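Please read the structure below before turning to the comments.
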Amino acid sequence: MKKITHAVIPVAGFGTRMLPLSKSVPKELLPLGNRPAIHYVVEEAIAAGIKHIVLIGHAQKSAIESYFDINAELDSQLRHKGKDELADSLNWLPEDVTVSMIRQGKALGLGHAVLAARPIIGEHDFAVLLPDVVLDPFTGDMADDNLAFMIDAFAEDNHSQILVDKVADEDVHKYGIAKLNEAFSEDDEANINASFKVAGFVEKPNLADAPSKLAVVGRYVFSNHIFDYLANTKASVGGEIQLTDAIDALISEYGVNVTTMRGDSYDAGDMRSYMQAFIYFAQQQLANEE
Ligand code: G1P
């Protein structure tokens with residue numbers, strides 16, 4: 001079986017929707033309960049079998065790389081003070097997992113950021129996780145979760161997989177929206193993982209133009225071919241090189257599937273939903289301490 005072991009996490013955004021919090025702290029390091037938001041995203045990737053994680057950042061994001069590195073000075077200070085347990089808890093990344101960071105250079109959009117990973121990903125098929133979206137880690141079993149389902153589905157038929165979830169009318173304009181080949185049965189597909197073919201995507205449409213309410217959640221499993229399409233994708237919506245456009249090109253040649261999402265997701269890239277997410281994560285963790 002073809003296993004996906006590489007993942008790309010783009011962290012190059014300025015996080016303007018999170019100002020002033022994100023002015024001097026990368027938004028990916030803002031807390032959700034007692035961990036930085038990106039901690040959960042990396043844990044999710046590892047639980048799904050990912051071994052090599054490539055962060056795509058820029059000069060102001062190097063603190064994220066440090067978070068996943070061992071701080072030798074802090075480690076020895078803690079151990080010197082007999083705080084071995086605390087020191088161990090900071091070194092939680094499994095030994096067979098690597099997290100590296102490369103810089104995007106020019107900020108030309110999400111598609112451009114993913115393409116920047118090509119020299120490291122090479123010929124591998126790979127996953128992409130957008131760190132603005134954090135999947136609920138408190139319910140269900142992470143190791144048997146959405147990304148793992150998508151990786152298995154990809155292994156079966158080689159179709160790239162894109163995680164989608166139904167969003168409220170007022171949120172449609174914030175997301176890539178799926179155009180379906182077949183009728184989507186809300187009752188059948190709600191809160192279970194199901195994979196089916198998609199006709200295309202529209203990036204951030206007005207509600208009136210939206211082909212469905214199924215939004216791209218920020219988890220993708222791509223065949224390596226996506227790089228060829230990204231290399232030929234021109235800037236479009238917002239003047240940016242959109243990942244969605246490259247996916248549309250991939251669909252026409254190879255076919256792409258959507259996977260419906262199980263569980264809940266939280267948008268940590270928008271102030272209002274970030275605050276709601278923080279409250280939920282903190283409540284869960286406080287309850288687990290009792
Ligand atoms: C990106 C994608 C969009 C997706 C969204 C999920 O947009 O372009 O298709 O629905 O992430 O969070 P962004 O939020 O980076 O503008």
Side-chain angles (χ1 to χ4, degrees), residues 7-19 22 26-28 30 32 37-38 40-41 44 55-58 61 104 107-116 127-136 146-147 150 160-180 198-207 209-222 226 229-230 233-251 256-261 263-274 276-277:
V8 175
I9 306 185
V11 295
F14 276 108
T16 48
R17 287 177 294 153
M18 293 300 288
L19 287 168
S22 57
K27 63 175 177 174
E28 296 81 3
L30 293 173
L32 280 182
I38 195 165
Y40 304 100
V41 178
E44 179 198 338
L55 306 169
I56 314 295
H58 57 71
K61 297 281 184 151
Q104 189 185 356
L108 299 180
L110 179 60
H112 181 255
V114 172
L115 184 61
V128 173
L129 295 91
L130 305 188
D132 275 0
V133 179
V134 182
L135 304 194
D136 182 356
N146 296 287
L147 191 58
M150 293 163 74
S160 296
Q161 302 285 328
I162 301 187
L163 193 65
V164 292
D165 195 23
K166 196 160 184 266
V167 289
D169 287 3
E170 63 269 26
D171 291 331
V172 158
H173 72 278
K174 297 183 193 165
Y175 296 99
I177 299 292
K179 192 168 158 213
L180 302 173
V198 65
F201 291 92
V202 184
E203 185 65 18
K204 302 190 177 78
N206 296 322
L207 181 58
D209 304 327
S212 78
K213 307 271 172 61
L214 279 188
V216 174
V217 175
R219 300 294 181 270
Y220 312 77
V221 171
F222 285 122
I226 192 76
Y229 293 103
L230 281 171
T233 299
K234 304 264 180 304
S236 65
V237 178
E240 298 190 336
I241 296 176
Q242 295 289 351
L243 181 58
T244 314
D245 292 338
I247 294 170
D248 270 351
L250 184 69
I251 289 171
V256 168
N257 285 10
V258 287
T259 296
T260 49
M261 192 181 85
D264 292 321
S265 71
Y266 291 86
D267 185 351
D270 170 86
M271 189 61 88
R272 196 181 157 74
S273 48
Y274 165 76
Q276 286 161 344

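Atoms within each ligand, like the ligands themselves, are counted from 1 in listed order. Since the model is a prediction, treat every value here as computed from it, not as a measurement.
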| query | Are any side-chain N or O atoms of S212 and backbone N or O atoms of A178, one a donor and one an acceptor, separated by less than 3.5 Å? | reply | yes
| Does ligand 1 have any atom that is closer than 4.0 Å to a heavy atom of L130? | yes
| query | What is the closest protein heavy atom to atom 8 (O) of ligand 1, and at what distance does it sit? | reply | E203 OE2, 2.7 Å
| field | Minimum-distance protein heavy atom relative to atom 14 (O) of ligand 1 | value | R17 NH2, 4.1 Å
| query | Under 4.0 Å from any heavy atom of V133, which atoms of ligand 1 are there? | reply | 12 (O)
| task | Check whether any N or O atom of G176, backbone or side chain, sits under 3.5 Å from an N or O atom of ligand 1, and answer yes or no. | result | yes
| Do D245 and S236 have a side chain donor and acceptor closer than 3.5 Å? | yes
| task | Using a strict 4.0 Å cut-off to heavy atoms of Y175, name the atoms of ligand 1 that fall inside it. | result | 6 (C), 10 (O)
| Hey, are K174 and D267 close enough for a salt bridge, meaning a charged N less than 4.0 Å from a carboxylate O? | no
| said: Below 3.5 Å, N or O to N or O, backbone or side chain included: is there any such pair between K204 and ligand 1? | reply: yes
| Is a donor on one side and an acceptor on the other found under 3.5 Å between the side chain of S22 and the backbone of G15? | yes
| Nearest protein heavy atom to atom 10 (O) of ligand 1, by residue and atom, and its distance? | V216 O, 2.7 Å
| said: Regarding Q161 and T259, do their side chains bring together a donor and an acceptor under 3.5 Å, going by distance alone? | reply: yes
| By salt bridge (Lys or Arg N to Asp or Glu O under 4.0 Å) - contacts of K204 (at least two apart) | none
| said: Quiz question for you: does at least one protein heavy atom lie closer than 4.0 Å to atom 12 (O) of ligand 1? | reply: yes
| Can you name the residues that form a salt bridge (Lys or Arg N to Asp or Glu O under 4.0 Å) with D209, not counting sequence neighbours? | none
